[in-house]
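Taking it in order: structure first as structure tokens, then the write-up.
Only heavy atoms go into these numbers, but all of them, side chains included; no hydrogens, no water, no symmetry mates.
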Amino acid sequence: MSPQPHRPRRGGAGRPPPAARPAARTGLGGEQVEGRRAVRELLRARRRRIKDVWLSDTAAPDHPVVAEILDLVREQRIPLREVARGRLDAEATSEAPQGVLAHAEPLPEVDLDRLSQRVPGSPPPFLVVLDGVTDPQNLGAILRTADSAGATGVVLGRHRSVHVTPTVAKASAGAIEHVPIALVAGIPAALQSLGAAGVWTIGLDGDADQFVFDLDLATEAVALVLGAEGSGLSRLVRARCDVLAAIPQRGALASLNVGAAAAVACFDVARRRLA
């Protein structure tokens with residue numbers, strides 16, 4: 001099925017209550033990484049300088065992931081601090097840091113232009129664009145899904161969006177080290193830039209007239225656009241998408257969680273690309 005033009009949907013952008021808005025920050029974040037898998041991937045990726053690794057005195061050194069972390073720390077000559085569990089838990093900001101955390105340089109940002117470029121010999125760009133996602137667990141889960149489904153990049157808004165916190169890093173299971181992330185001043189302008197670069201933008205919208213499974217765009221350069229928790233796509237972002245598509249639902253609940261919706265759509269693109 002070829003993409004069809006759509007009519008603007010009703011509804012405003014919506015915005016979370018003041019208490020739910022993330023703290024303003026300009027960078028991508030990622031300076032503190034918590035959890036065994038997240039720290040292991042930080043060490044494996046060798047993408048940024050690591051200042052130190054903290055290990056709780058109750059962490060099991062014979063656990064396979066902990067043992068690998070210790071091997072990588074020794075190999076890369078990274079300072080290791082063995083601290084009491086209470087000290088590590090006081091430093092951590094995520095729930096259940098699993099007895100290990102690391103301090104590193106911030107994650108590097110990637111230019112949107114680079115993400116939209118076609119690389120000879122590689123599949124066309126496959127991006128995930130997030131319009132106002134503020135829940136760290138959701139962002140972490142989406143990054144993990146994006147990596148697993150073969151997405152080539154993720155686009156976040158610089159403002160009114162959660163960036164990479166320790167909770168995001170842990171929920172992503174280390175995917176933050178492998179998925180390039182671009183921070184943009186505004187998602188509507190970013191969609192316009194992607195369109196000019198030949199990238200189809202597909203907005204996930206429960207009220208759309210066509211299903212995401214029916215779009216023959218997965219083998220093209222494509223960006224899946226997902227909206228904020230609760231309010232969905234903002235009015236201007238919805239208007240800027242080339243195509244709007246829904247995920248078919250048969251149950252009693254009105255909608256999927258944004259992380260679940262991302263998983264369904266991302267793996268449909270992956271399925272078509274594998275075919």
Identify, with sequence neighbours excluded, every residue that meets salt bridge (Lys or Arg N to Asp or Glu O under 4.0 Å) alongside [X].
X	result
Arg36	none
Arg118	none
Asp57	none

Practice problem: For Gln192 and Arg240, indicate whether the former's side chain and the latter's backbone hold a donor-acceptor pair under 3.5 Å. | Solution: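 Not at all, since once roles are kept as given, no pair shorter than 3.5 Å links the two residues.
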Quiz item: Is the side chain of Thr201 donor-acceptor paired with the backbone N or O of Asp242 at a distance under 3.5 Å, no angle test?
Solution: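 At least one qualifying donor-acceptor pair exists.
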Quiz item: If Ile, Leu, Val, Met, Phe, Trp and Tyr residues are connected whenever their side-chain heavy atoms lie under 4.5 Å apart, and connections chain through other members, are Ile142 and Val162 in the same group?
Solution: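 Same cluster: Ile142 reaches Val162 through Ile, Leu, Val, Met, Phe, Trp or Tyr contacts under 4.5 Å.
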Could [X] and [Y] be called an ion pair, given the rule that one side-chain N must be under 4.0 Å from one carboxylate O?
X	Y	value
Arg87	Glu91	yes
Asp147	Arg144	no
Lys51	Glu31	no
Glu95	Lys170	no

Nearest 0.5 Å, please: how far is [atom2] in [Y] from [atom1] in [X]?
X	Y	atom1	atom2	answer
Arg271	Cys266	CZ	SG	13.5 Å
Leu143	Ile176	CG	CD1	8.0 Å
Asp207	Arg238	CG	CZ	7.5 Å
Leu115	Leu127	CG	CG	5.5 Å

Identify, with sequence neighbours excluded, every residue that meets side-chain hydrogen bond (donor to acceptor under 3.5 Å, both in side chains) alongside [X].
X	answer
Arg47	none
Ser122	none
Glu105	Arg49

Considering residues at least two apart in sequence or located in another chain, which fulfil the side chain to side chain contact (heavy atoms under 4.5 Å, CB included) criterion with [X]?
X	answer
Asp52	Trp54, Pro79, Arg81, His103
Thr167	Ser94, Pro136, Gln137, Thr165
Thr93	Glu34, Pro166
Ala228	Ser231

Quiz item: Which ring pair (Phe, Tyr, Trp, His ring centres under 6.0 Å) pairs, counting each pair once, include a residue from residues 123-144, with sequence neighbours left out?
Solution: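 Qualifying pairs, neighbours excluded: none.
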Quiz item: Shortest non-hydrogen contact from Thr145 to Phe267?
Solution: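 Looking at all heavy atoms of both residues, the shortest contact is CG2-CE1, 3.9 Å.
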Quiz item: Val119: which other cluster members, linking ILVMFWY side chains closer than 4.5 Å, directly or transitively?
Solution: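 Answer for Val119: none, a lone residue.
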Practice problem: For the pair Glu109 and Arg158, evaluate salt bridge (Lys or Arg N to Asp or Glu O under 4.0 Å) and give the outcome as yes or no after the intermediate values. | Solution: CA-CA 11 Å; Glu109 298 177 30; Arg158 193 171 294 278; 3.1 Å; yes
